[in-house]
Amino acid sequence: MKVGGFKRMAAVARLDLVEVFQSRWLVFHSVLYALLAALFLFAGLRESSVLGYTGMSRLLLSLCHALILVLPLLALTASGLVVNRHREDGTLELLFSLPVSRGEYFVAVSAVRYLVLLVPLLVLMPLLGLADRLLFGHVVPWVFIGRSLTISATLLWSFAGLGLAISTFVRNRTKALMYLLITWIVCVGGLDFALMGLMLQWRLNAETVFVLSGLNPVQSSRLALLSSAEPSLAILGPVGFYLANRVGHSWLFLLGTLQPALIGWASWYVAWRHFRRGDLV
Amino acid sequence: MDITLRNVVKIFGSIKVLDGVSLSVPSGRKTALIGPNGSGKSTLTRILMGMLACEGEVLLDGLSPFARRERLARRMAYVPQSPPQLSASVADVVRAVARIRDLEERRIAVIAAQFDLDLGALAGRPIRALSAGMKQKLLIALALSSRADLLILDEPTASLDVSARARFFSLFAEMSGTATLLLCSHRLEEIQHLVEHVVALDGGRVIFDGPVETFLQTRAVSLMEVVTTRNSHADWLRAHGFRPAFGSSWVRSVARAEKMALLNEIVAQFDGDLDNVVIRDVETLSDKAWEARSCADG
């Protein structure tokens, strides 16, 4: 891309970032992250020795577990109403009357919507570790923090890609919101232990449950997270237990981060193809 | 920049919005695009801006705006009918447009100032919080500052007051130079001041394509109201296209060019039985005026 292209993309990104700040979306989810961390801290999890974990690792593990359920919803709502909203409120008509290419616009809004979710996490998690070191003198679990951030980043990208696809294909914002919520409910409700319940009730065969569960990026992120911290695999669930025994912890982490990332890129690419070829307004 | 359209068709779902539109606008010509709501004006301007795909051929200086939009957009400026409802501030939008177009922000501020729009004072205000008139002035300033070869203005003065409209006319005359203009408008005042050629659309088809003088003579209408208490003239009035209105009033629309001839005829016919005559030029081409014009045609 030429220098002019970067300049135009930066101008669009800056405009979208201002929109995000004005809508207080960034403040909302930063506060949500912080509240979750504070909640676990004050609920005494830091001192908990349940399942043999203590200290900051336990706090971060619990925080990440909560985030795995929350991040998909944040990513979907941040990205799933962006293109259709810009189409509706006249932003696309203004921007595309200027010499901005479709690619510059799409990359700019994708990056902004993804980074506004990721950057607060990149700040919060190391801060928690450093705070623990300063206050209690514990060693900062940098490896676990790094793995948690990698998992969060791929999970966010997975759902940001799905959100952008919905936002690009579904012009009506009310309908898009409905599809976003359905996606979140299906993914969060489709963890293997929930599917096991369905298997028992509807007599689904085990292969179907394994395949469905394996396709779910929330499930993959959860397995990757637990593979970083759970030595006994007791809480991995049946799919995680099976995979961990088959491929080992390192591969489970790799699979658990690659699969959401691939889903994110595939969804983003489908959205981009549709946006590139269709009517802009 | 010259514009060529050959058999352009645009369909949304099952609705054919443009149905075989063919046009040729030479470089530098100022053209009004008029028609009732739903006639396809905005769709046509968006096709020209490269925002919508269509069947048929659309060429701006020999290039397809859909395929080469980015390249052509450097030479085009557009004022949309509905300003964007952005939360971003005036300063943010001006900065973004200036960077994308490689313009000086000061140039935009100078043009805005000629519309009594102080960008410095408004810098922090979100676009959506501006009044409709302010938004329109800002969009016009952004468009005029770009020194474009093709200006597409969709109802540019709809929210401006009389003095701002007058300033727009003089500023536009001064700044548009040799640029090609495509103006969507319902206002005869704009058509009279800004263009030399008129293209009228109805039902997605071109129904008029000619000089503005011909359009105004044949298509601009006046409403004529005749008040008489004598019923003996009813047949004559009906035969001349009048319809009964309130009380003893009869009304019809008449082409502006023919109103004086009709008035003389009425005066001669009624010979003292005439209580009043009111003639009003229709200044906008609203749907009602369009209907009236159709009646006059009929």
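In what follows, every chain begins at residue 1, and chains take the letters A, B, ... in the order their sequences are listed.
- Heavy atoms of A/Leu94 lying under 4.5 Å from chain B belong exclusively to its side chain.
- A/Arg85 contributes no side-chain N or O that, together with a main-chain N or O of A/Arg173, makes up a donor-acceptor pair within less than 3.5 Å.
- Of the two parts of A/Arg277, only the backbone, made up of N, CA, C and O, holds a non-hydrogen atom closer than 4.5 Å to a non-hydrogen atom of chain B.
- Interface remark: B/Ile127 contributes no atoms to any contact with chain A (heavy atom separation under 4.5 Å).
- Interface summary for chain A: among B/Pro126, B/Ser89, B/Ala96, the most heavy-atom pairs under 4.5 angstrom belong to B/Ala96.
- Salt bridge annotation for A/Asp89-B/Arg128: absent, with no cationic side-chain nitrogen under 4.0 angstrom from a carboxylate oxygen.
- Heavy atoms closer than 4.5 Å to chain A are found in both the backbone and the side chain of B/Val93.
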Q: Run the numbers on A/Tyr179 and A/Phe169 for ring pair (Phe, Tyr, Trp, His ring centres under 6.0 Å), then give the verdict.
A: CA-CA 11 Å; A/Tyr179 290 131; A/Phe169 278 90; over 10 Å; no

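- The closest side-chain donor-acceptor pair between B/Ser42 and B/Asp154 falls under 3.5 angstrom.
- Nearest heavy-atom pair, A/Ala271 versus A/Phe106, reported as atom, atom and distance to 0.1 Å: CB-CZ, 3.7 Å.
- B/Gly62 and B/Asp2 make their closest contact through N-OD1, 4.5 Å (heavy atoms, listed as atom of the first residue, atom of the second, distance).
- Minimum interatomic distance between B/Phe168 and B/Leu160 (heavy atoms only, all atoms of both residues): CB-CD1, 4.4 Å.
- In terms of heavy-atom pairs under 4.5 angstrom with chain B, the leader among A/Arg14, A/Glu19, A/Gln22 is A/Glu19.
- Chain A is approached within less than 4.5 Å, heavy atom to heavy atom, by B/Phe12 from residues 11-28 of chain B, ordered by number.
- By the 4.0 Å N-to-carboxylate-O rule, B/Lys137 lies too far from B/Asp116 to be salt-bridged with it.
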Q | Derivation and outcome, salt bridge (charged side-chain N to carboxylate O under 4.0 Å, His left out), residues B/Arg46 and A/Asp279 | A | CA-CA 10 Å; B/Arg46 286 165 172 179; A/Asp279 289 342; over 6 Å; no

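- Proximity to chain A (any heavy atom under 4.5 Å) is restricted, for B/Arg69, to the side chain, taken from C-beta onward.
- For a residue to count as touching a neighbouring chain, one of its non-hydrogen atoms must lie under 4.5 Å from one of that chain's; by this rule B/Arg71 does not touch chain A.
- Contact check on B/Asp61 versus B/Arg75 returns a salt bridge, with a Lys/Arg side-chain nitrogen under 4.0 Å from an Asp/Glu carboxylate oxygen.
- Only the backbone of B/Met76 comes within contact range of chain A, with at least one heavy atom under 4.5 Å from a heavy atom of that chain.
- Shown here is B/Arg74, whose CZ atom has more than 12 heavy atoms of other residues, nucleotides or ligands within 6.0 Å.
- A salt bridge links B/Glu70 with A/Arg8; the closest basic N to acidic carboxylate O contact falls under 4.0 Å.
- Scanning residues 157-165 of chain A against chain B with a 4.5 Å heavy-atom cutoff picks out nothing at all.
- Of all heavy-atom pairs spanning A/Thr257 and A/Pro260, the tightest one is O-CD, 3.4 Å.
- Taking 4.0 Å as the cut-off between side-chain N and carboxylate O, A/Arg87 and A/Glu93 do not count as a salt-bridged pair.
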